[in-house]
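Quick note: numbers below take in every heavy atom, side chains included, and nothing from hydrogens, waters or symmetry partners.
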Amino acid sequence: MTLNCTLLDDYQNVALTLADWSSLQPTVQTRSLQQHIADDEPLIAALADSDILVAMRERTPLTAARLARLPRLKLIVTSGMRNAAIDLEACRARGIAVCGTESSSAPPLELTWGLLLALARHIVAENQALRSNGPWQQHLGIGLEGKTLGLIGLGKIGGGMAKVAQAFGMRVCAWSQNLTAERAAQCGASLMPSLQALLAASDVVSIHLVLSERTHHLLDGAALAQMKPGALLVNTSRAGLVDQQAMIAALRSGQLAGAALDVFDTEPLPADHPLRQLPNVLATPHLGYVADSNYRRYFTQAVEDIAAWLRHQPLRSLL
């Protein structure tokens, strides 16, 4: 019996070129979907004959209601070892195996610094002006040397951010609910006693936390009001960590000088969303993990996961 494998949200149409999917033939026939399908009915129609799904991060939610309408589905492979968009309890109840792959923190760390530097120095706006014969040198950039970078979260990516900041001559402070003075010292950061203290002290705030009930809207209107007037906010982690409407209000009022964002409440971002229009927002379409090295790892290990599942071997299970 031939099994059908569908790769979701292959935006760049590269998934089938980055791993040896032919090694699964003739047992598994693989196809990729380049377009994101947001609505239930067309999504179910597209996946109705799928026995295996390969999910790219959290782009397409696999809810209990959707899973119930995919009776052929037996295996889900996700890039990374965490995916809040998959209802794991529903998978367990339906006997659907769920496994994942490794993921490197280097690409999102690199993108975060790219966004931070581009925001501080107005690189995109200046490049566009140069290309269109616009004004020569429109903006006064913000120098980072001597400024304070506040890191909310000091895990792999946050710790890497701290090291790079020191190379730029920045002071670094950090806070999270479970951060210890020992971990902060290891990363060359000062542990702040509270989130409010970090926000008040920082010229640039960058968020590096896992989204949970405890951290949802951690930066709400009251928290954003604690930031220095003219401070910059960078979020490449999860949109839900910040109250989007409160952030938009702070950007419009000038309380925030600018925000660099790679994550949004709704993805892809709606065409009429204000974050597409605000001049002090630098936004990228969730590119943090989108790099050749990570993608090659994701899809190579997805093939390995499927092969292991076919042989009834141990999986990188999320259940």
Side-chain angles (χ1 to χ4, degrees), residues 56-58 79-84 100-121 123 142-192 195 197-199 201-212 215 218-219 227 231-242 258-264 282-298 301:
M56 175 53 71
R57 308 299 288 181
E58 298 171 356
S79 57
M81 288 301 296
R82 182 187 298 117
N83 192 324
T101 71
E102 297 173 357
S103 184
S104 172
S105 61
L109 169 62
E110 293 163 1
L111 181 80
T112 303
W113 271 105
L115 286 171
L116 197 166
L117 292 167
L119 180 67
R121 299 297 295 272
I123 289 173
I142 298 173
L144 298 181
E145 184 178 14
K147 298 293 197 308
T148 297
L149 173 65
L151 297 169
I152 304 176
L154 204 60
K156 285 185 179 180
I157 298 177
M161 289 291 295
K163 292 179 182 179
V164 177
Q166 291 158 36
F168 278 109
M170 299 184 78
R171 296 184 293 269
V172 182
C173 62
W175 175 89
S176 69
Q177 285 101 334
N178 299 318
L179 182 60
T180 65
E182 290 76 15
R183 170 61 181 171
Q186 287 174 1
C187 297
S190 300
L191 175 62
M192 301 303 283
L195 173 62
L198 179 140
L199 296 173
S202 301
D203 301 290
V204 181
V205 173
S206 190
I207 310 171
H208 303 283
L209 292 175
V210 173
L211 179 62
S212 66
T215 59
L218 183 69
L219 266 63
M227 294 180 66
L232 304 177
L233 176 64
V234 184
N235 186 9
T236 58
S237 293
R238 288 293 183 269
L241 296 165
V242 182
L261 308 171
D262 189 47
V263 288
F264 310 94
L282 175 60
T284 48
H286 207 151
L287 298 178
Y289 53 85
V290 180
D292 54 354
S293 54
N294 246 359
Y295 268 39
R296 193 167 287 108
R297 179 181 293 107
Y298 292 161
Q301 293 189 5

* **Side-chain heavy atoms of S293 within contact of P107, under 4.5 Å** => yes
* **Check: E102 side chain, Y298 main-chain N or O, donor-acceptor pair, under 3.5 Å** => no
* Asked: side-chain hydrogen bond (donor to acceptor under 3.5 Å, both in side chains) with S212: which residues, sequence neighbours excluded?
  -> T215
* **Heavy-atom check, side chain of T101 versus side chain of R297, under 4.5 Å** => no
* Structure fact -> The side-chain hydrogen bond (donor to acceptor under 3.5 Å, both in side chains) partners of R183 (sequence neighbours excluded) come to none
* Structure fact -> Distance col, row D203:CG vs I142:CD1, nearest 0.5 angstrom, shows 8.5 Å
* Structure fact -> CZ of R296 to OG of S104, rounded to nearest 0.5 Å, is 13.0 Å
* Is there side-chain contact between L119 and L115, with heavy atoms separated by less than 4.5 Å? -> no
* Reference residue V263; test side chain to side chain contact (heavy atoms under 4.5 Å, CB included); the match among T236, L241, V242, N235 -> N235
* Measure across L282 and A118 and return the closest heavy-atom pair with its distance rounded to 0.1 Å. => CD2-CB, 3.5 Å
* Tell me, do H208 and S206 make a side-chain contact under 4.5 Å, heavy atoms counted? -> yes
* When rounded to the nearest 0.5 angstrom, what is the spacing between CG in N83 and CE in M56? -> 11.0 Å
* Asked: Is the shortest heavy-atom distance from the side chain of S202 to the side chain of C173 under 4.5 Å?
  -> yes
* From OG (S176) to CG (L209), nearest 0.5 Å -> 6.0 Å
* From CG (L219) to CG (L199), nearest 0.5 Å -> 5.5 Å
* To do: Could you check if a side-chain atom of Y289 sits within less than 4.5 angstrom of a side-chain atom of R57, using non-hydrogen atoms only?
  => yes
* **Rounded distance [0.5 Å steps], CG in N178 versus OG1 in T180** => 9.5 Å
* **Note, V234 side chain near V205 side chain (heavy atom, < 4.5 Å)** => no
Name each donor-acceptor pair under 3.5 Å that joins a side chain in residues 144-164 to protein atoms two or more places apart or in another chain, with its distance.
unit_1, atom_1, unit_2, atom_2, d
K147, NZ, G143, O, 3.0
T148, OG1, R171, NE, 3.2
T148, OG1, R171, NH2, 3.4

* **Beyond-backbone contact of L195 with Q177, side-chain heavy atoms, under 4.5 angstrom** => no
